[in-house]
Amino acid sequence: MNIWICSMECAGIIEAGGVKNVTFSLCKEFAALGHEVTLFIPVFKTNSWDYISDLKKDFIKNVVIKHCGKEETISYSKAVFKDEKFNIIFINHPAFEEKEAVYTYTANEQKKNPEFVKGMGHKDTLFLDSLYSKAVATYGEYAAKEELPDIMHCQDASTALVPVYIRFMAEFHKTVSVITIHNAGPAYHHNYSSIGEAAWFTDLSQQILSGALNGTKVEPYLLASNAGASITTVSENYAMELKDPFNKDETEGLAPIFFSRSTKITGITNGIDFERYDPSDVKVSNLPYAFNPETGDLEGKYKCREYFFEEILKNQEYECELPVYGEIECTDYKKNIFIVYHGRITTQKGLSVLIESIPVILNNFDNVYFLIAGQGEIGLEEQLKVLCTAQKGRVVFINGYEKSLARLTNAVGDFIVLPSFFEPCGLEDFISQIYGTLPVAHKTGGLNKILNNQTGFLYKKNTSASLTAKLSEVITIKKYCPQKIDEIISYASKYVRENYLWSKVITDKYIPFFNEILKKNDKSY
């Protein structure tokens with residue numbers, strides 16, 4: 001198969017959320033199986049070029065695209081991702097090149113312009129989305145016949161217009177489109193406030209736009225579906241939630257529309273590249289010490305914990321450029337219990353539930369400490385800073401993201417708490433299980449892949465009382481039945497490696513799905 005993968009982010013090039021890992025793994029695994037793979041991705045200000053080879057800048061230049069009443073000039077650069085050997089087409093335009101992050105403004109951008117508030121979405125997001133999609137479609141006019149794809153696989157709402165633009169282009173008459181919904185929660189739709197606004201940014205007709213209304217808003221996912229794109233999402237359970245007519249609020253009205261239209265949504269649970277995290281090999285794990293949860297060898301895990309708190313945070317042996325609030329006053333890093341959270345600091349992730357639970361847990365258990373790392377909503381970040389002051393010596397908040405520190409955060413905990421109100425798939429549970437850190441999670445969406453009391457712990461009602469009760473339970477088990485926790489750690493790590501490798505997901509799920517939709521379009525492979 002010839003597959004074009006459309007994404008705003010990819011691990012090793014430009015990173016933001018979980019989409020980066022999915023994009024990279026899809027490209028890598030399909031290429032490894034001998035399929036022709038081309039990734040289309042913009043050039044942002046902070047793109048990394050460490051893994052890029054054979055770069056041909058301005059491979060195609062001075063391409064003019066009509067956009068928002070003007071003529072925008074773009075160029076395409078061509079490259080190969082080192083070692084993995086998949087192709088990349090970079091889309092070059094000043095509107096992307098001036099951005100320091102994929103979707104939101106950085107603290108540095110806010111310093112330069114107070115209107116660009118850290119953590120807030122780009123003011124020209126709709127401009128960027130539609131320009132990107134037009135650029136991908138336009139590339140088809142320049143591509144050789146053998147370059148054109150059998151599958152156009154688009155990642156999330158920011159790329160959902162691609163199937164619409166290629167629908168009636170002769171170059172793509174044999175192409176089948178797929179759009180994967182990574183998150184359909186509020187603020188993730190990239191929708192247009194009205195048909196008028198959508199027409200301005202997309203240049204699509206009123207007839208096309210009116211068929212994709214969600215109230216007065218125009219939905220990119222509905223536009224893609226109406227254009228014949230097959231819809232997938234990142235777990236089987238989230239697929240069911242996206243078709244639940246009563247799941248209106250958490251999908252911003254989209255689920256009832258999918259239900260009323262009998263839209264087919266295929267759930268394929270994301271995998272993980274175990275070899276990129278393997279804790280027994282410090283060269284790939286980026287951890288200071290090796291250990292192996294599968295065999296019960298956790299000594300290196302506790303050494304990582306002590307190094308993290310004593311050397312990085314206290315002595316600053318490793319230069320931590322991220323703001324750190326609070327401190328940990330601990331004398332025995334192996335005996336005491338550490339609970340971590342790593343991820344976006346947003347309402348969706350249930351931080352309000354966690355913040356309310358922490359003081360109760362710390363009051364009831366004198367051997368428990370919390371480590372929280374991430375960035376997001378300013379209000380929640382401020383609450384965490386206040387919490388660190390109130391719970392002096394027992395809570396640390398690292399405000400930001402850095403790859404090595406992120407992995408250490410996952411690795412040093414006994415438990416990772418995941419109190420998301422909804423979660424399409426989740427990756428932190430996988431990473432933590434590989435690192436011998438057991439998830440304590442709200443039973444929702446993709447977090448249902450955690451096997452309760454076998455690979456982690458689930459609770460049903462997402463309230464601070466429910467979370468506090470579950471944390472109290474697992475802390476007590478750890479204190480009085482540590483052998484049981486060790487057994488779960490070993491099984492969880494092995495279970496993830498045996499069942500959720502990306503190579504297995506591609507072979508068992510994606511290839512049969514792609515072959516099925518190709519066959520329906522009279523294309524057999």
Side-chain angles (χ1 to χ4, degrees), residues 3 5-12 15-33 37 39 84 86 102 151 153-159 178-185 188 221 230-242 265-278 342-344 348-349 406-407 410 416 418 420 422-435 439 441-451 455-456 458 492-493 495-514:
I3 305 167
I5 294 179
C6 302
S7 182
M8 290 287 187
E9 54 177 305
C10 177
E15 305 182 354
V19 176
K20 67 179 183 293
N21 301 294
V22 177
T23 299
F24 172 80
S25 297
L26 288 171
C27 293
K28 170 193 170 188
E29 296 299 337
F30 274 114
L33 289 170
V37 179
L39 168 67
E84 311 307 339
F86 58 83
V102 179
I151 298 286
H153 190 186
C154 303
Q155 309 301 317
D156 235 358
S158 55
T159 67
V178 179
I179 176 74
T180 294
I181 299 176
H182 290 262
N183 195 328
Y188 288 92
Y221 290 132
S230 296
I231 298 182
T232 68
T233 192
V234 290
S235 71
E236 287 83 353
N237 280 285
Y238 196 56
M240 291 188 289
E241 291 179 8
L242 286 178
I265 302 176
T266 302
I268 300 177
T269 300
N270 288 337
I272 190 166
D273 290 315
F274 180 86
E275 67 273 15
R276 293 178 62 211
Y277 296 92
D278 185 0
H342 174 258
R344 287 180 287 113
Q348 176 213 328
K349 296 294 185 178
R407 292 193 174 192
N410 286 85
I416 183 170
L418 302 170
S420 299
F422 65 94
E423 190 62 66
C425 180
L427 180 64
E428 299 301 324
D429 53 332
F430 278 160
I431 298 171
S432 297
Q433 287 164 324
I434 289 171
Y435 288 160
H442 176 216
K443 185 176 171 60
T444 184
L447 294 176
N448 280 282
K449 64 184 180 293
I450 298 167
L451 304 180
T455 64
L458 297 172
S493 180
Y495 180 82
V496 171
R497 181 178 56 79
E498 291 178 350
N499 292 277
Y500 288 104
L501 293 186
W502 263 115
S503 57
K504 182 176 177 61
V505 173
I506 296 290
T507 302
D508 293 354
K509 300 292 184 178
Y510 269 105
I511 288 180
F513 173 72
F514 283 175

Approximate separation, where rounding is to 0.5 Å, of L501 CG and I272 CD1: 9.0 Å
Run the salt bridge (Lys or Arg N to Asp or Glu O under 4.0 Å) test against R407 and tell me which residues pass, sequence neighbours left out. none
If we count only N and O atoms by modelled type, under 3.5 Å, do the side chains of T232 and T266 hold a donor and an acceptor together? no
Just checking H153 against Y510, ring centres under 6.0 Å apart? yes
Are E423 and K349 ion-paired here, with the side-chain N under 4.0 Å from a carboxylate O? yes
Are V178 and F514 close enough, and set up right, to give a side chain to side chain contact (heavy atoms under 4.5 Å, CB included), and what steps lead you there? CA-CA 9 Å; V178 179; F514 283 175; 4.0 Å; yes
M8 side chain reached by S158 side chain, heavy atoms, under 4.5 Å: yes
When you measure from the side chain of Q433 to the backbone N and O of A492, does any donor-acceptor pair fall under 3.5 Å? no
Go through the side-chain N and O atoms of Y221 and D156 and say whether any donor and acceptor fall under 3.5 Å apart. yes
Using the side-chain hydrogen bond (donor to acceptor under 3.5 Å, both in side chains) rule, take K504 and N499 through it: C-alpha gap first, then chi angles, then the decisive distance, then the call. CA-CA 7 Å; K504 182 176 177 61; N499 292 277; 5.8 Å; no
Please set out all donor-acceptor pairs under 3.5 angstrom arising from side-chain atoms of residues 16-31, sequence neighbours excluded.
{"unit_1": "K20", "atom_1": "NZ", "unit_2": "G17", "atom_2": "O", "d": "3.1"}
{"unit_1": "T23", "atom_1": "OG1", "unit_2": "S7", "atom_2": "OG", "d": "2.9"}
{"unit_1": "T23", "atom_1": "OG1", "unit_2": "E9", "atom_2": "O", "d": "3.3"}
{"unit_1": "T23", "atom_1": "OG1", "unit_2": "V19", "atom_2": "O", "d": "2.9"}
{"unit_1": "S25", "atom_1": "OG", "unit_2": "N21", "atom_2": "O", "d": "3.0"}
{"unit_1": "S25", "atom_1": "OG", "unit_2": "D273", "atom_2": "OD2", "d": "2.6"}
{"unit_1": "S25", "atom_1": "OG", "unit_2": "W502", "atom_2": "NE1", "d": "3.2"}
{"unit_1": "K28", "atom_1": "NZ", "unit_2": "E275", "atom_2": "OE2", "d": "2.3"}

Using only atom types and a distance under 3.5 Å, with no angle test, would you say the side chain of T180 pairs donor to acceptor with the backbone of T233? no
Distance (rounded to the nearest 0.5 Å) between L451 CG and L458 CG: 8.5 Å
Does any part of the side chain of S493, heavy atoms only, come nearer than 4.5 Å to the side chain of Y435, both counted from C-beta? no
d(F86 CZ, I3 CD1) to nearest 0.5 Å is 12.5 Å
Atom CD1 of I450 and atom CZ of F430: how far apart are they, to the nearest 0.5 Å? 9.0 Å
Please determine, by modelled atom types, if E236 and T269 share a side-chain donor-acceptor pair under 3.5 angstrom. yes
